[in-house]
Amino acid sequence: MTRLQVAVLVSGRGSNLQALIDACATPGFPAEIKLVLSNMEGAYGLERAAKANIPAVTLPHKKFASREAFDDAMDEKLREAGIEFVCLAGFMRLLSPSFAKRWEGRIVNIHPSLLPSFKGLHVHEQALAAGVRISGCTVHYVVPELDSGPAILQAAVAVEPSDTPDTLAARVLEAEHRIYPEALRMVAEKRVRLENGRAVFA
Ligand code: GAR
């Protein structure tokens, strides 16, 4: 079986990375993580990569003159490692439109809301301020616009009256850990693809 060669991009804790590592370790999983890339030195996700014997690189974005220069360096690392598909997992950097275009259809993100609601930062604060009774998470194809692009999978999570941003985040995170591996499986098994800006399901 040839497995989809995946890179996971992180900026911090990397719990979604861990969910993907665990999924890839199960027999018959159709994808393999070949590289973890972080824009933040000391990100805990790097330790998770080390524990799983996955090559990891840090590219501190502050050391690059421009977003494009940083993205070009990332692109080079991804190509060097023979990466076919990229998963953003708590990667808190805007991507340049040219990078997003270069990887179009081969890059996905997870976001802790039911997109298109509550893009950007402070997502759970936004959900609580809006008074929604249901929130959730979305795995979507990456397009140049932030937190946009067609969804591959979404999961709904009830918002409880007693929720704080932290309690809601924790409940949504559990759902993230369920759907991200499932979305990667769908991609690797070619059960979904991006076509003319839409997710097409086989
Ligand atoms: C996750 O909740 C992820 O959905 C979110 O950051 C957290 C990262 O946690 N991503 C975004 O908000 C991207 N717009 P993790 O590092 O433990 O996976």
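Atoms within each ligand, like the ligands themselves, are counted from 1 in listed order. In what follows, residues are counted from 1 in the order of the sequence shown. What's counted below: heavy atoms across the whole structure, side chains too, no hydrogens, waters or symmetry copies. Quantities reported herein were computed from a predicted structural model and do not represent experimental measurements.
The nearest non-hydrogen atom to atom 14 (N) of ligand 1, considering only His111, Glu176, His124, comes from His111.
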Test salt bridge (charged side-chain N to carboxylate O under 4.0 Å, His left out) on Lys34 and Glu80 and set out the steps.
-> CA-CA 11 Å; Lys34 295 297 278 189; Glu80 270 171 22; over 6 Å; no
Does the pair Ile152 and Thr138 meet the rule for a side-chain contact (heavy atoms from CB on, under 4.5 Å), with working shown?
-> CA-CA 8 Å; Ile152 296 172; Thr138 304; over 6 Å; no
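The closest approach between a heavy atom of Val10 and any atom of ligand 1 is not below 4.0 Å. Residue Val123 places every heavy atom at 4.0 Å or more from ligand 1. Contact analysis puts Met92 in contact with ligand 1, with a non-hydrogen atom separation below 4.0 angstrom.
Within ligand 1, counting atoms from 1 as listed, the ones closer than 4.0 Å to a heavy atom of Ser15 are 15 (P), 16 (O), 17 (O), 18 (O). Close contacts between ligand 1 and Gly90 involve ligand atoms 6 (O), 8 (C) [criterion: under 4.0 Å to a heavy atom].
Distance from atom 16 (O) of ligand 1 to its nearest protein heavy atom, with residue and atom name: Gly14 N, 2.7 Å. For atom 12 (O) of ligand 1, the nearest non-hydrogen atom of the protein is Pro112 CD, 3.4 Å. Scanning the protein heavy atoms around atom 10 (N) of ligand 1, the nearest turns out to be Ile110 O, 3.7 Å. Nearest to atom 9 (O) of ligand 1 among the protein's heavy atoms is Arg13 NH2, 3.0 Å.
Leu46 and Leu88 fall into different hydrophobic clusters, where Ile, Leu, Val, Met, Phe, Trp and Tyr side chains are chained together by heavy-atom contacts under 4.5 Å.
Polar contact check, Asn109 against ligand 1: no nitrogen or oxygen pair lies under 3.5 Å apart. Taking any N or O of Gly120, backbone or side chain, none lies under 3.5 Å from an N or O belonging to ligand 1.
Considering Lys63, Lys62, Arg93, His61 in turn, His61 is the only one that fulfils the side-chain hydrogen bond (donor to acceptor under 3.5 Å, both in side chains) rule with Asn39.
Under 3.5 Å, the side chains of His124 and Ser135 contain no donor-acceptor pair of N or O atoms.
Using a cut-off of 4.0 Å between Lys/Arg side-chain N and Asp/Glu carboxylate O, Arg67 and Asp71 are scored as not salt-bridged. Between Asp72 and Lys77 there is no salt bridge, since no side-chain N of the basic residue sits under 4.0 Å from a carboxylate O of the acidic one. Contact check on Arg3 versus Glu84 returns no salt bridge, with no Lys/Arg side-chain nitrogen under 4.0 Å from an Asp/Glu carboxylate oxygen.
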